[in-house]
K.L.:
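What follows is a structure written as structure tokens; I'll ask about it next.
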Amino acid sequence: MQKTEAPTTSKRVEVLLWCIALPGFGQLLNRKYVKAVLFLGLEFLVNLQSNFNAAIQLSFRGQIDKAISQTDYQWLMFYPCLYLFSLWDAYRDAGGGGAPYAFLPFVLSAFFTTVGLIYSSNVILFGSLWGPVWLPILFCIIGFGLGWLLKGLLS
């Protein structure tokens, strides 16, 4: 028989980090297999249809214009909400998110990342075009920070 224990902070961090690696992995660790298959399937569908892996590779190589031209934004627009909801779901199932408004950093990150993606093909910051990978990541960090701030103010 397997011993069951209350979820620990370590478990919540583990689940979050695996889910950051690939949406659905956190659900696998939480033994939520139907949700894991759903998130993994949606991840692969949106990733392939949007050419996101090509955009990531080109962005890491500094070829932002090519990354923009390779990206199917109509598909990629689904990615921020799918990705961040998967993180939230895994975190909550691992015992996190019990504090009031704990969802706000995740929700605002999804919103801000989507806005960053919308403007990623034409916004120049600090003299550079950031493209469909780096600008949404920057906006995600801003959204998460604002979410934590708002959560603190409302609690």
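The figures here come from the full heavy-atom set of this structure, side chains too, leaving out hydrogens, waters and symmetry mates. These figures come from a predicted structure and were not determined experimentally.
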K.L.:
Mind checking whether Met77 and Ile118 have side chains closer than 4.5 Å, heavy atoms only?
P.N.:
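Yes. Closest side-chain heavy atoms under 4.5 Å.
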K.L.:
Quick check: is Leu129 connected to Leu125 through a chain of hydrophobic side chains (ILVMFWY, heavy atoms under 4.5 Å apart)?
P.N.:
yes
K.L.:
Please tell me whether Leu58 and Leu135 are part of a single hydrophobic cluster in this structure, the criterion being side-chain heavy atoms less than 4.5 Å apart.
P.N.:
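Cluster IDs for Leu58 and Leu135 differ.
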K.L.:
Is the side chain of Ser50 donor-acceptor paired with the backbone N or O of Asn47 at a distance under 3.5 Å, no angle test?
P.N.:
yes
K.L.:
Can you see which heavy atom on Val133 is nearest to which on Ala55, and at what distance?
P.N.:
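Scanning both residues completely, I find the closest heavy atoms to be CG2-O, 3.8 Å.
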K.L.:
In Å and rounded to the nearest 0.5 Å, what is the CZ to CZ distance from Phe106 to Arg92?
P.N.:
10.5 Å
K.L.:
State the OG-CZ distance between Ser109 and Phe85, to the nearest 0.5 angstrom.
P.N.:
14.5 Å
K.L.:
Side chains of Gln27 and Asp93: is there a donor and an acceptor less than 3.5 Å apart?
P.N.:
no
K.L.:
Report yes or no: does Asn51 contribute a side-chain atom to a donor-acceptor pair with the main-chain N or O of Thr71 at less than 3.5 Å?
P.N.:
no
K.L.:
Return each pair, listed once, that meets side chain to side chain donor-acceptor pair (under 3.5 Å) where at least one residue sits in residues 120-133; pairs must be two or more places apart or across chains.
P.N.:
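Qualifying pairs: Tyr73-Ser120.
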K.L.:
For Lys32, I'd like to know if atom NZ has over 12 heavy atoms of other residues, nucleotides or ligands within 6.0 Å.
P.N.:
no
K.L.:
Consider side-chain contact (heavy atoms from CB on, under 4.5 Å). Of Leu150, Leu149, Thr113, which one does Leu108 pass it with?
P.N.:
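Filter result, single survivor: Leu150.
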K.L.:
Where the side chain of Trp88 meets the backbone of Phe103, is there a donor-acceptor pair that is under 3.5 Å apart?
P.N.:
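Pair absent, no side-chain N/O of Trp88 close to backbone of Phe103.
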K.L.:
Could you check if a side-chain atom of Leu154 sits within less than 4.5 angstrom of a side-chain atom of Pro100, using non-hydrogen atoms only?
P.N.:
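Side chain of Leu154 against side chain of Pro100, heavy atoms only: no contact under 4.5 Å found.
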K.L.:
Taking all heavy atoms of Lys35 and all of Asp89, pick out the closest pair and write down the distance.
P.N.:
NZ-OD1, 2.8 Å
K.L.:
If you round to the nearest 0.5 Å, how far is CD of Glu14 from SG of Cys19?
P.N.:
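Between atom SG of Cys19 and atom CD of Glu14 there are 11.5 Å.
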K.L.:
Mind checking whether Phe111 and Phe139 have side chains closer than 4.5 Å, heavy atoms only?
P.N.:
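A side-chain contact is absent here, since even the closest heavy-atom pair is not under 4.5 Å.
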K.L.:
Measure from the ring center of Phe112 to the ring center of Phe144 and say whether it is less than 6.0 Å.
P.N.:
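No: the rings miss the under 6.0 Å criterion.
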K.L.:
With clusters defined by side-chain heavy atoms of hydrophobic residues (ILVMFWY) lying less than 4.5 Å apart, directly or transitively, does Phe39 cluster with Leu17?
P.N.:
yes
K.L.:
If I compare all heavy atoms of Ala94 with all of Lys11, which pair ends up nearest, and what's the gap?
P.N.:
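For Ala94 and Lys11, the tightest heavy-atom pair comes out as CB-CG, 4.4 Å.
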K.L.:
Using every non-hydrogen atom in the two residues, find where Ala90 and Asn30 come nearest and quote the distance to one decimal.
P.N.:
O-ND2, 2.8 Å
K.L.:
If you look only at pairs with a residue in residues 59-69, which of them pass as a salt bridge (charged side-chain N to carboxylate O under 4.0 Å, His left out), with sequence neighbours excluded?
P.N.:
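Matches after skipping sequence neighbours: none remain.
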K.L.:
Can you list the other members of the hydrophobic cluster that holds Tyr33, where links are side-chain heavy atoms under 4.5 angstrom apart?
P.N.:
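The other cluster members (ILVMFWY side chains, heavy atoms under 4.5 Å, direct or chained) are Val15, Trp18, Leu22, Phe25, Leu28, Leu29, Leu40, Phe44.
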K.L.:
Any donor and acceptor pair, going by atom type alone, linking the side chain of Ser86 with main-chain N or O of Leu82 inside 3.5 Å?
P.N.:
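The answer is no, because no donor-acceptor pair under 3.5 Å joins these two groups.
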K.L.:
Do Ile142 and Leu138 have side chains that get closer than 4.5 Å, going by heavy atoms?
P.N.:
yes
K.L.:
Does the side chain of Pro132 reach to within under 4.5 Å of the side chain of Ile68, using non-hydrogen atoms?
P.N.:
yes
K.L.:
Under 3.5 Å, is there a donor-acceptor pair between the Glu43 and Tyr83 side chains?
P.N.:
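Short answer, no.
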K.L.:
Quick check for you: to the nearest 0.5 Å, what is the distance between Gln70 atom CD and Leu76 atom CG?
P.N.:
13.0 Å
K.L.:
If only atom types and distance count, is the side chain of Asp72 paired as donor or acceptor with the main-chain N or O of Gln74 below 3.5 Å?
P.N.:
yes
K.L.:
Among the clusters formed by ILVMFWY side chains lying less than 4.5 Å apart, do Tyr119 and Tyr79 turn up in the same one?
P.N.:
yes
K.L.:
Is any side-chain heavy atom of Leu42 closer than 4.5 Å to one of Phe78?
P.N.:
no
K.L.:
Membership question, hydrophobic clusters at under 4.5 Å side-chain separation (ILVMFWY): are Val37 and Val46 in the same one?
P.N.:
no
K.L.:
Give the minimum heavy-atom separation between Ser59 and Ala67, together with the two atoms involved.
P.N.:
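Smallest heavy-atom distance, with atoms named: OG-CB, 3.6 Å.
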